[in-house]
Peer 1: 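Structure in structure tokens, see below.
Every chain is numbered from 1 and lettered A, B, ... according to where its sequence line falls, protein lines coming before strand lines. On a predicted model such as this, the values are computed, not experimentally measured, just so you know.
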There are 2 protein chains.
Amino acid sequence: MTHSHNHTACVQVALTNAAQLCAERGVQLTPIRQQVLELIWANHHAVKAYDLLERIKPLQSAAKPATIYRALDFLMEQGFIHRVESLNAFIGCTDLRTVHEQLLLICKQCQDVEERQANAVMQSLADELKEAGFTAHHKAIEIHGICQNCQQ
Amino acid sequence: MTHSHNHTACVQVALTNAAQLCAERGVQLTPIRQQVLELIWANHHAVKAYDLLERIKPLQSAAKPATIYRALDFLMEQGFIHRVESLNAFIGCTDLRTVHEQLLLICKQCQDVEERQANAVMQSLADELKEAGFTAHHKAIEIHGICQNCQQ
DNA sequence: TAATGATATGTTATATTGTAACATATAGAA
DNA sequence: TTCTATATGTTACAATATAACATATCATTA
């Protein structure tokens, strides 16, 4: 994704959808929340909370950790971003309109994170959970390695 | 697992296998490392590093954070424990002799973590990764919810 | 034997990540 | 206008993790 794509369009779509969903849901995409979302969408890397804090300071000089964490909490509740558990970091969700479980492919080389629906994986996981008698509330499926673009 | 099982046997097996594998590999299961492994195996909950630090202090009064993190690093390298990324915590590995990817089922109610081989899931995941052109180095697959025993 | 090197641990300090708690502001509803 | 819900400001701190350098131990070998 770092490699050749129209990223402006990515950002545009993400922000437009977020704004519309907020309107539909009667929740507020305040300036801080929108700025955090934009900063997360600066690229396809997972971003750390304290990096966001540094980057938002020119815009919000009063920003403190809580400023960022509250915005992140909101954006996660709304499904606009995902937390990458194995990196303590965050990425923009590329699939806002679908109820889905995310499979995250995390490239060690370019740092990009790709989100995939992976329906077959989710189906066999559902089967496995049924067999185990386990009721799932949240799934974190994170694969670290080297993405297609980074392998010559 | 909290629910009715001979946990002494779990611990025994884990420690015996770890000792044997260390001997085979020519690495040292030092007192500190063994104590940390035992503390992790106190039950089937994921344990936090600083909890381990408190619990090891009666045995190792000089213990500091690095004491624990070094032991954890060793135990993870040897495959004796897993890190639960979404909890910042650690559990004993129940399947030392098999090369495997772990699916972790984390119960919100009893805190137990169950490790499953989930071969079908891993196979469809491998297919998905192949399709994505992604070379995996490490997989964190962590499902949060309610385990069979905790649902009446 | 003494020097060397590999491994493990001791120790201090600090970096990173995340939350609690209470105060203030703002805007719409009653 | 007052009330309420929501959002943000602010201070302090908790929880998680690592860096860097010192010391110890033991087997190898010069």
Peer 1: CG of A/L53 versus C1' of C/dA15: gap in Å, rounded?
Peer 2: 15 Å
Peer 1: Could you tell me whether the phosphate oxygens of C/dG18, OP1 or OP2, come under 4.0 Å of any side-chain nitrogen or oxygen in A/Y69?
Peer 2: yes
Peer 1: Distance check needed: C/dT19 P versus A/F74 CZ, whole Å only.
Peer 2: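 Answer to the nearest Å: 18 Å.
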Peer 1: Look at the side chain of B/A62 and decide which nucleotide, out of C/dT11, C/dT17, C/dA8, has an atom nearest to it.
Peer 2: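 Out of C/dT11, C/dT17, C/dA8, the nucleotide with an atom closest to B/A62's side chain is C/dT11.
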Peer 1: Over how many whole Å does the gap from A/K64 atom NZ to C/dA20 atom P extend?
Peer 2: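 So the two atoms are 19 Å apart, to the nearest Å.
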Peer 1: Which nucleotide of DNA chain D is the first, and which the last, in the 5' to 3' direction, to come under 4.0 Å of a heavy atom belonging to chain A?
Peer 2: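 The footprint of chain A covers D/dT6 to D/dT11.
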Peer 1: Given atom CD of B/Q60 and atom P of C/dT11, what is their separation to the nearest angstrom?
Peer 2: 11 Å
Peer 1: Answer yes if A/L52 and A/L75 sit in the same cluster of Ile, Leu, Val, Met, Phe, Trp and Tyr residues linked by side chain heavy atoms under 4.5 Å apart, and no otherwise.
Peer 2: yes
Peer 1: Examine the side chains of A/R33 and A/Q28 and answer whether a donor and an acceptor come within less than 3.5 Å of each other.
Peer 2: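 No pair is found: no donor N or O on one side chain lies under 3.5 Å from an acceptor on the other.
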Peer 1: So, B/T67 side chain and B/K64 main chain: donor-acceptor pair closer than 3.5 Å or not?
Peer 2: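 Looks like yes, one N/O pair under 3.5 Å.
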Peer 1: If you assign each of B/Q28 and B/N88 to its closest nucleotide in DNA chain C, which residue comes earlier from the 5' end?
Peer 2: B/Q28
Peer 1: Who pairs with A/A46 by side chain to side chain contact (heavy atoms under 4.5 Å, CB included), at least two apart in sequence or on another chain?
Peer 2: A/V84, A/L87, A/A89, A/I91, A/V113
Peer 1: Between A/Q123 and A/D127, do the side chains contain an N or O donor and an N or O acceptor separated by less than 3.5 Å?
Peer 2: yes
Peer 1: More 5' along DNA chain D: A/R33 or B/D73, using each one's nearest nucleotide?
Peer 2: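 Final value for this comparison: A/R33.
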Peer 1: Does the side chain of A/H144 come under 3.5 Å of the side chain of A/K108 through a donor N or O and an acceptor N or O?
Peer 2: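 Result is no, nothing qualifies.
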Peer 1: Where do B/A136 and B/L129 come nearest, in terms of heavy atoms and distance?
Peer 2: CB-CD1, 3.8 Å
Peer 1: Give a yes/no verdict on base stacking between C/dT17 and A/Y50: centres under 5.5 Å, planes within less than 30° of parallel.
Peer 2: yes
Peer 1: Both B/R70 and A/F90 contact DNA chain C. Taking the nearest nucleotide for each, which residue is further toward the 5' end?
Peer 2: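 Result: B/R70.
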Peer 1: Provide, to the nearest angstrom, the distance between the NZ atom belonging to A/K48 and the P atom belonging to C/dT17.
Peer 2: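 Result: 4 Å.
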